[in-house]
Protein chains: 2
Amino acid sequence: MAAHISLLDPGRLFGLRYIAMKDVTCPDSPLADLCRQRGLKLTGQRRTIAFVLSDSDDHPDVEELYRRAVAVDPRISIATVYRTVRLFEENGILQRRDFGGGRARYEVADGEHSDHYHLIDASTGKVIEFENAELNALLDSIVREKGYDLVTTRLSIVGRRKAGGED
Amino acid sequence: MAAHISLLDPGRLFGLRYIAMKDVTCPDSPLADLCRQRGLKLTGQRRTIAFVLSDSDDHPDVEELYRRAVAVDPRISIATVYRTVRLFEENGILQRRDFGGGRARYEVADGEHSDHYHLIDASTGKVIEFENAELNALLDSIVREKGYDLVTTRLSIVGRRKAGGED
DNA sequence: CGTATTAATGAGAAGGATTATCAATTGCAA
DNA sequence: TTGCAATTGATAATCCTTCTCATTAATACG
Ligand SMILES: [Mn+2]
Ligand SMILES: [Mn+2]
Ligand SMILES: [Zn+2]
Ligand SMILES: [Zn+2]
């Protein structure tokens with residue numbers, strides 16, 4: 001039916017505009033590659049969400065991810081964002097966080113950035129990440145001493161900026 | 001209308017059964033006293049919930065509290081359990097915990113039992129409480145070093161029982 | 001003690017976050 | 001290119017929690 005069309009240069013046929021709206025989404029990203037490596041089907045929506053996540057260095061919730069994804073490719077629904085975020089978490093690509101407030105938040109499960117904790121500013125809600133080897137060791141020893149292997153540490157500290165403390 | 005009846009001994013009038021179902025709920029409890037101390041109206045339902053909480057040493061969710069409360073006094077609704085649990089938390093009588101699973105869990109905000117942490121058995125869901133002064137100090141110093149005062153520490157560790165580890 | 005006032009309750013509707021359903025679409029292996 | 005299983009979009013359903021509002025009950029005051 002459209003066999004003869006595919007032999008032509010799409011850019012010269014009906015003009016770039018139509019082709020662009022139909023096929024171009026966003027470039028591949030480190031997370032898109034991870035997606036392939038895990039044998040997950042790389043759909044346009046997943047490529048977009050992977051792109052948005054690779055581009056984020058904060059802790060967005062699903063609504064926020066949806067906003068960012070729609071800005072890249074409007075052909076996406078929030079249901080797919082929920083599904084993708086769950087899929088990525090089950091495959092170790094994303095980490096789910098709970099900072100209170102009732103919505104899950106996500107960040108890339110980066111290798112070296114992996115074992116970090118979160119301090120939350122009580123007034124602004126700003127999230128400050130930190131690593132601490134001593135804390136890692138102490139938690140591990142506490143758990144081991146009770147006859148357990150540490151599986152997951154869920155820690156978030158709420159703090160209030162000190163009066164005289166300029167950062 | 002019932003004025004002359006109230007002058008009689010209720011236990012001798014219609015028999016204990018009727019009077020008991022109408023008026024007797026449960027004895028006062030340490031938490032019921034706290035309720036009074038804070039100037040909160042001490043309703044029958046609140047006395048019952050306070051009694052159930054004073055009698056618990058675990059981390060029940062609202063459904064579980066409702067079950068325990070109904071066993072003491074059937075004249076209670078789950079809406080009231082939700083309301084009371086929130087009221088008690090706002091007044092520092094209860095602490096809300098989040099062990100994952102989507103439902104809030106509660107425990108009495110006991111003075112000396114206050115600064116403890118939770119280790120959750122990954123297989124059974126069993127909650128193991130522990131205190132650790134070194135952990136207290138380390139968390140405090142981490143937060144202070146970043147220019148903050150520690151407000152709340154939300155920590156729960158998920159662990160798996162070690163293979164050769166008999167408790 | 002009886003009454004008035006005001007807050008609390010019960011039942012169920014509403015809300016917010018997340019998951020499930022299902023017909024239509026699409027990635028991808030052959 | 002085709003075929004098919006997996007994915008998607010739209011929206012209903014679910015789960016936990018809060019809200020609404022008419023009824024009931026606790027407390028202060030006489
Ligand atoms: Mn939570
Ligand atoms: Mn609803
Ligand atoms: Zn982080
Ligand atoms: Zn506890």
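Side chains included, hydrogens not; waters and symmetry mates left out as well; all remaining heavy atoms used. Within every chain, numbering begins at 1; the chains are lettered A, B, ... in the order of the sequence lines, protein sequences first and strands thereafter.
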Q) For B:S141, which residues count as a side chain to side chain contact (heavy atoms under 4.5 Å, CB included) partner, sequence neighbours excluded? A) B:L138
Q.
Five pairs per end, C1' atoms only: what is the angle between the end axes of the helix from C:dC1-D:dG30 to C:dA30-D:dT1, to 10 degrees?
A. 30°
Q) Going by heavy atoms closer than 4.0 Å, what residues in residues 84-92 of chain B are next to DNA chain D? A) B:R86
Q: Would you kindly give the CZ-to-C1' distance between A:R96 and C:dT19, to the nearest whole Å?
A: 12 Å
(Q) In this structure, how many angstroms lie between the C1' atom of D:dT8 and the CG atom of A:D73, rounded? (A) 12 Å
(Q) Please determine whether a side-chain nitrogen or oxygen atom of A:T80 lies at a distance below 4.0 Å from atom OP1 or OP2 of D:dG9. (A) yes
Protein and nucleotides 21-25 of chain C: nitrogen or oxygen contacts under 3.5 angstrom:
{"from": "C:dT21", "atom 1": "O4", "to": "A:R83", "atom 2": "NH1", "distance (Å)": "3.4"}

(Q) Which Ile, Leu, Val, Met, Phe, Trp or Tyr residues join B:V151 in one cluster when any pair of side-chain heavy atoms under 4.5 Å counts as a link? (A) A:V158
Q) When the distance from CZ of B:R75 to C1' of D:dT24 is rounded to whole Å, what number comes out? A) 11 Å
Q: Find the distance A:I78:CD1 to C:dA17:P and express it as a whole number of Å.
A: 9 Å
(Q) If you define the side chain from C-beta out and look only at heavy atoms, does anything of A:L155 sit under 4.5 Å from A:L135? (A) yes
Q) Is the closest side-chain heavy-atom distance between A:I49 and A:L65 below 4.5 Å? A) no
(Q) Quick check for you: to the nearest 0.5 Å, what is the distance between B:L53 atom CG and B:F88 atom CZ? (A) 7.0 Å
Q. OP1 or OP2 of C:dT26 less than 4.0 angstrom from a side-chain nitrogen or oxygen of A:Q45, does that happen here?
A. no
N/O donor to acceptor pairs below 3.5 angstrom from side-chain atoms of residues 31-39 of chain A, sequence neighbours left out:
{"from": "A:D33", "atom 1": "OD1", "to": "A:R36", "atom 2": "NH1", "distance (Å)": "3.2"}
{"from": "A:R36", "atom 1": "NH1", "to": "A:D28", "atom 2": "OD2", "distance (Å)": "2.9"}
{"from": "A:R36", "atom 1": "NH2", "to": "A:D28", "atom 2": "OD2", "distance (Å)": "2.6"}
{"from": "A:R38", "atom 1": "NH1", "to": "A:N91", "atom 2": "O", "distance (Å)": "2.3"}

Q. For B:Y82 and D:dT17, is the shortest distance between a side-chain N/O and OP1 or OP2 below 4.0 Å?
A. yes
Q: Provide, to the nearest angstrom, the distance between the CZ atom belonging to A:R103 and the C1' atom belonging to C:dG15.
A: 13 Å
For a quick test of your reading: what N or O donor-acceptor pairs under 3.5 Å do the side chains of residues 95-102 of chain A make, sequence neighbours left out?
{"from": "A:Q95", "atom 1": "OE1", "to": "A:R97", "atom 2": "NH2", "distance (Å)": "3.1"}
{"from": "A:R96", "atom 1": "NE", "to": "A:E89", "atom 2": "OE1", "distance (Å)": "3.3"}
{"from": "A:R96", "atom 1": "NH2", "to": "A:E89", "atom 2": "OE1", "distance (Å)": "2.8"}
{"from": "A:R97", "atom 1": "NE", "to": "A:E107", "atom 2": "OE2", "distance (Å)": "2.6"}
{"from": "A:R97", "atom 1": "NH2", "to": "A:E107", "atom 2": "OE2", "distance (Å)": "3.0"}
{"from": "A:D98", "atom 1": "OD1", "to": "A:G100", "atom 2": "N", "distance (Å)": "2.9"}

Q | Residue list, ring-ring contact (aromatic ring centres under 6.0 Å, His included) with B:Y117, at least two apart or on another chain | A | B:F130
Q.
Can you list everything that forms a ring-ring contact (aromatic ring centres under 6.0 Å, His included) with A:H116? Sequence neighbours excluded, please.
A. A:H113, A:H118
Q.
Under the rule for side chain to side chain contact (heavy atoms under 4.5 Å, CB included), what residues qualify as partners of B:E64, not counting sequence neighbours?
A. B:P60, B:D61, B:R67, B:R68
Q | Pairwise side-chain contact, B:I120 with A:R154, heavy-atom cut-off 4.5 Å (strictly under) | A | yes
Q.
Rounded to whole Å, please give me the gap between CD in A:E64 and C1' in C:dA17.
A. 16 Å
**Q.** Selection: residues 48-59 of chain A, any non-hydrogen atom under 4.0 Å of DNA chain C
**A.** none
Q. How about B:T84 and B:R46: does a side-chain donor come under 3.5 Å of a side-chain acceptor?
A. no
Q | Length of the line joining B:E63:CD and D:dT17:P, which is rounded to integer Å | A | 8 Å
Q) Starting at OH of B:Y66 and ending at P of C:dT9, how long is that distance when rounded to a whole Å? A) 14 Å
For nucleotides 27-30 of chain D, list the nitrogen or oxygen atoms of the protein found under 3.5 Å from its nitrogen or oxygen atoms, one pair per line.
{"from": "D:dT27", "atom 1": "OP1", "to": "B:L42", "atom 2": "N", "distance (Å)": "3.0"}

